[in-house]
Engineer: 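Input: one structure, supplied below.
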Amino acid sequence: MTATTARLRRDLADRVADKHDLAPRWREAVAAVDRGLFIPSAIYRSSGAGWEPVGRAEVSEEEWLRMVYRDRTWVTQVDGVDAADAPGPITGSPTSSATLPSLVARTLHVAAPHDGQKVLEVGTGTGYSTAVLCHGIGAENVVSVEYDPACAAAAARNLKTAGCAPTLITGDGLQGHKEHADYDAIIATCAVRSIPPAWLLQLADRGSITTTISGWMLAAGLIRLTLDDDGVLSGRFERDQITYMLARPHERPPHGTFFRHEGRTRPTRIDPALADQWAGAFVAQLAAPSAELLATGDGPVLWDVATGSQAWTEPSASGWTVHQHGPLALWDQVEDALLTWERHGSPDLTGFGATITLEEQVVWLGSPEGPSWHLPA
């Protein structure tokens, strides 16, 4: 290890520790695991509307090391194309990444697995989060599932180089991994629209699930759900404004170019900018879970691809006007939910919680008896 690498590793560990109040085991794990072992030879950088591949051989060694040891997420795959295989800048959606270390550490801190507990990690990715988890609780206690075969193979090589030997599975993590169940904790490094039933069924008594609940508006909340004696999962969301990529089976459907329809027009009862706030977007997503939120210079656009329903706003002399077209009154749904949120004091995500059973999944505001919205099945 060069002096520069050692210094950058220490700086990264210090930045992660300064960013979050972490349990000692996770501070030590971040300091012990070399992120450089888990970054491929090429990554993507955001380039306007697309992604530009950057290879290690194309930049100076110092610049590459500074990229590797930054507390930043680096996209490694876009629509299934690894950065090393990209012919040049491409467009599309990220499908795999090297998650920023502070998010990995924060997620594990919230999950709080203990020594001797069996943990299922959903989303091995590059293997970095798996290595940090192994350092924290022991590789013999870790089962990690990766959906993408190429990513799984690369992660296995990275973990072997790092001296980690967890149980690695290639498959759909949304189905868990029944062979090694029951798990004391399930930790997802991908986001989900709702909790997969398999996760609940594969939990041990009093087990927990830590995941990011997100959706097609890409609003997200980190939550740790614990299983009670009646088989009910429940918990409150954390304050963090963070997200992971949606699990591939939960991703948004493909669609063409949006075209505005005049539709039914009326004045809005709220400022559309409410949907720009982190918690406001989360509420909007709960109210219209099948819609995407498109950002435009004139105001937010809601678009449900399956039904063709849409809602878009524009400034008017008295405030804002909304146009709604299609069978779903998307703006009515979102507006009612945001007004409810305002009446309850516009709390951040810690004002929300979730109750999950095999029969229904509900996010509530204030308390389980308060206003609530069902997660999509």
Side-chain angles (χ1 to χ4, degrees), residues 103 106-113 119-120 122-123 173-174 176 183-247 249-250 277-291 333-334 336-338 340-341 343-377:
L103 176 51
R106 173 62 178 157
T107 302
L108 294 175
H109 174 85
V110 170
V119 176
L120 174 68
V122 178
L174 299 186
Y183 301 102
D184 298 295
I186 295 175
I187 304 171
T189 61
C190 59
V192 293
R193 299 179 70 213
S194 57
I195 302 300
W199 293 3
L200 196 155
L201 291 171
Q202 293 175 24
L203 271 186
D205 293 342
R206 312 300 293 182
S208 68
I209 294 173
T210 302
T211 188
T212 304
I213 292 179
S214 185
W216 291 348
M217 296 189 194
L218 305 184
L222 177 66
I223 191 168
R224 182 179 188 269
L225 300 155
T226 56
L227 186 66
D228 67 17
D229 294 334
D230 297 320
V232 177
L233 282 166
S234 61
R236 278 191 175 271
F237 287 88
E238 300 292 326
R239 180 173 284 104
D240 308 72
Q241 296 186 8
I242 60 176
T243 189
Y244 285 96
M245 293 179 188
L246 276 166
H250 285 199
Q277 299 180 31
W278 190 272
F282 188 72
V283 171
Q285 183 173 268
L286 292 173
S290 63
Q333 296 169 213
V334 167
D336 288 344
L338 288 171
T340 297
W341 175 57
R343 284 195 297 270
H344 285 75
S346 305
D348 63 20
L349 290 189
T350 59
F352 296 82
T355 301
I356 310 293
T357 67
L358 290 173
E359 288 72 35
E360 67 174 358
Q361 302 193 21
V362 172
V363 172
W364 37 262
L365 174 58
S367 71
E369 293 74 35
S372 62
W373 299 267
H374 283 82
L375 294 176

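We use all heavy atoms of the structure for the numbers below, so side chains are in, but hydrogens, waters and symmetry mates are not.
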Engineer: Side-chain contact, heavy-atom cut-off 4.5 Å: I209 with L203?
Structural biologist: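 In contact.
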Engineer: Under the salt bridge (Lys or Arg N to Asp or Glu O under 4.0 Å) rule, what pairs show up with a residue in residues 185-195, not counting sequence neighbours?
Structural biologist: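 As it turns out, there is no salt bridge (Lys or Arg N to Asp or Glu O under 4.0 Å) pair with a partner in residues 185-195 once direct neighbours are skipped.
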Engineer: Tell me whether the count of non-hydrogen atoms from other residues, nucleotides or ligands lying under 6.0 Å of CG in D228 goes above 12.
Structural biologist: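 Result for CG/D228: enclosed.
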Engineer: Answer yes or no: is there a side-chain heavy-atom contact under 4.5 Å between I356 and L200?
Structural biologist: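 Sidechains of L200 and I356: in contact.
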Engineer: Restricting to side-chain hydrogen bond (donor to acceptor under 3.5 Å, both in side chains), what partner residues turn up for Q333, sequence neighbours left out?
Structural biologist: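 Q333 satisfies side-chain hydrogen bond (donor to acceptor under 3.5 Å, both in side chains) with no residue once adjacent residues are dropped.
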Engineer: Name all residues meeting the ring pair (Phe, Tyr, Trp, His ring centres under 6.0 Å) criterion together with F282; count only those two or more places apart in sequence or in a different chain, and write none if there are none.
Structural biologist: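 So F282 forms a ring pair (Phe, Tyr, Trp, His ring centres under 6.0 Å) with F237, F352.
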Engineer: Less than 4.5 Å apart, any side-chain heavy atom of L375 and any of I213?
Structural biologist: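 Counting from C-beta outward, L375 and I213 do come under 4.5 Å.
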Engineer: Are the side chains of L365 and P347 in contact, using a 4.5 Å heavy-atom criterion?
Structural biologist: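 Sidechains of L365 and P347: in contact.
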Engineer: For E359, does its backbone N or O pair with a side-chain atom of T357 as donor and acceptor, under 3.5 Å?
Structural biologist: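 The answer is yes, because a donor-acceptor pair under 3.5 Å joins these two groups.
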Engineer: What pairs with P197 under side chain to side chain contact (heavy atoms under 4.5 Å, CB included), at least two apart in sequence or on another chain?
Structural biologist: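 P197: side chain to side chain contact (heavy atoms under 4.5 Å, CB included) contacts with L358.
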Engineer: Salt bridge check, R106 against E238: does any charged N sit closer than 4.0 Å to a carboxylate O?
Structural biologist: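 Salt bridge present between E238 and R106.
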Engineer: Look up atom CH2 in W278 and atom OG1 in T243, then write down how far apart they are to the nearest 0.5 Å.
Structural biologist: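 Those atoms lie 6.0 Å apart.
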Engineer: Determine whether I195 and T211 make a side-chain contact, defined as any pair of heavy atoms from C-beta on separated by less than 4.5 Å.
Structural biologist: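 A side-chain contact under 4.5 Å exists here.
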Engineer: Which salt bridge (Lys or Arg N to Asp or Glu O under 4.0 Å) pairs, counting each pair once, include a residue from residues 210-219, with sequence neighbours left out?
Structural biologist: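 For residues 210-219, and leaving out neighbouring residues, there are no salt bridge (Lys or Arg N to Asp or Glu O under 4.0 Å) pairs at all.
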Engineer: Contact between H250 and L174 at the side-chain level, heavy atoms closer than 4.5 Å - yes or no?
Structural biologist: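 Sidechains of L174 and H250: in contact.
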Engineer: Answer yes or no: is there a donor N or O on one side and an acceptor on the other, between the side chain of S194 and the main chain of P376, under 3.5 Å?
Structural biologist: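 It does hold such a pair.
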Engineer: Going by the rule side chain to side chain contact (heavy atoms under 4.5 Å, CB included), which residues pair with T189 if we only count those two or more places apart in sequence or in a different chain?
Structural biologist: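 Residues passing side chain to side chain contact (heavy atoms under 4.5 Å, CB included) with T189: E121, S129, Y244.
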Engineer: Once side chain to side chain contact (heavy atoms under 4.5 Å, CB included) is applied, do any residues pair with I242, and if so which ones, sequence neighbours excluded?
Structural biologist: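 I242 satisfies side chain to side chain contact (heavy atoms under 4.5 Å, CB included) with L103, L222, D240 only.
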Engineer: Look only at the side chain of Q285 and the backbone of G215, and say whether a donor-acceptor pair between them is shorter than 3.5 Å.
Structural biologist: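 Yes; at least one donor-acceptor contact below 3.5 Å.
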Engineer: Taking the side chain as every heavy atom from C-beta outward, state whether T226 and L233 have any atom pair closer than 4.5 Å.
Structural biologist: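 Side chain of T226 against side chain of L233, heavy atoms only: no contact under 4.5 Å found.
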Engineer: How would you list, by chain and number, every residue that makes a side-chain hydrogen bond (donor to acceptor under 3.5 Å, both in side chains) with W216, sequence neighbours excluded?
Structural biologist: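 So W216 forms no side-chain hydrogen bond (donor to acceptor under 3.5 Å, both in side chains) with any residue.
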Engineer: Holding to side-chain hydrogen bond (donor to acceptor under 3.5 Å, both in side chains), I want the full list of residues that pass it with T340, two or more places apart in sequence or in another chain.
Structural biologist: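 So T340 forms a side-chain hydrogen bond (donor to acceptor under 3.5 Å, both in side chains) with R343.
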Engineer: Holding to side chain to side chain contact (heavy atoms under 4.5 Å, CB included), I want the full list of residues that pass it with D229, two or more places apart in sequence or in another chain.
Structural biologist: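 Side chain to side chain contact (heavy atoms under 4.5 Å, CB included) check on D229 returns R206.
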Engineer: Would you check if the side chain of S214 reaches a backbone N or O of A219 as a donor-acceptor pair within less than 3.5 Å?
Structural biologist: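 Side chain of S214 to backbone of A219: a pair is present.
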Engineer: Quick one: does V119's side chain get under 4.5 Å of Y183's, heavy atoms only?
Structural biologist: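 Side chain of V119 against side chain of Y183, heavy atoms only: no contact under 4.5 Å found.
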Engineer: Not counting sequence neighbours, list each pair that qualifies as a side chain to side chain donor-acceptor pair (under 3.5 Å) and has a residue in residues 366-377.
Structural biologist: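 Sorted pair list: E360-H374, S367-E369.
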Engineer: Could I get the full list of salt bridge (Lys or Arg N to Asp or Glu O under 4.0 Å) partners for R239, not counting sequence neighbours?
Structural biologist: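 Here the qualifying residues are D348.
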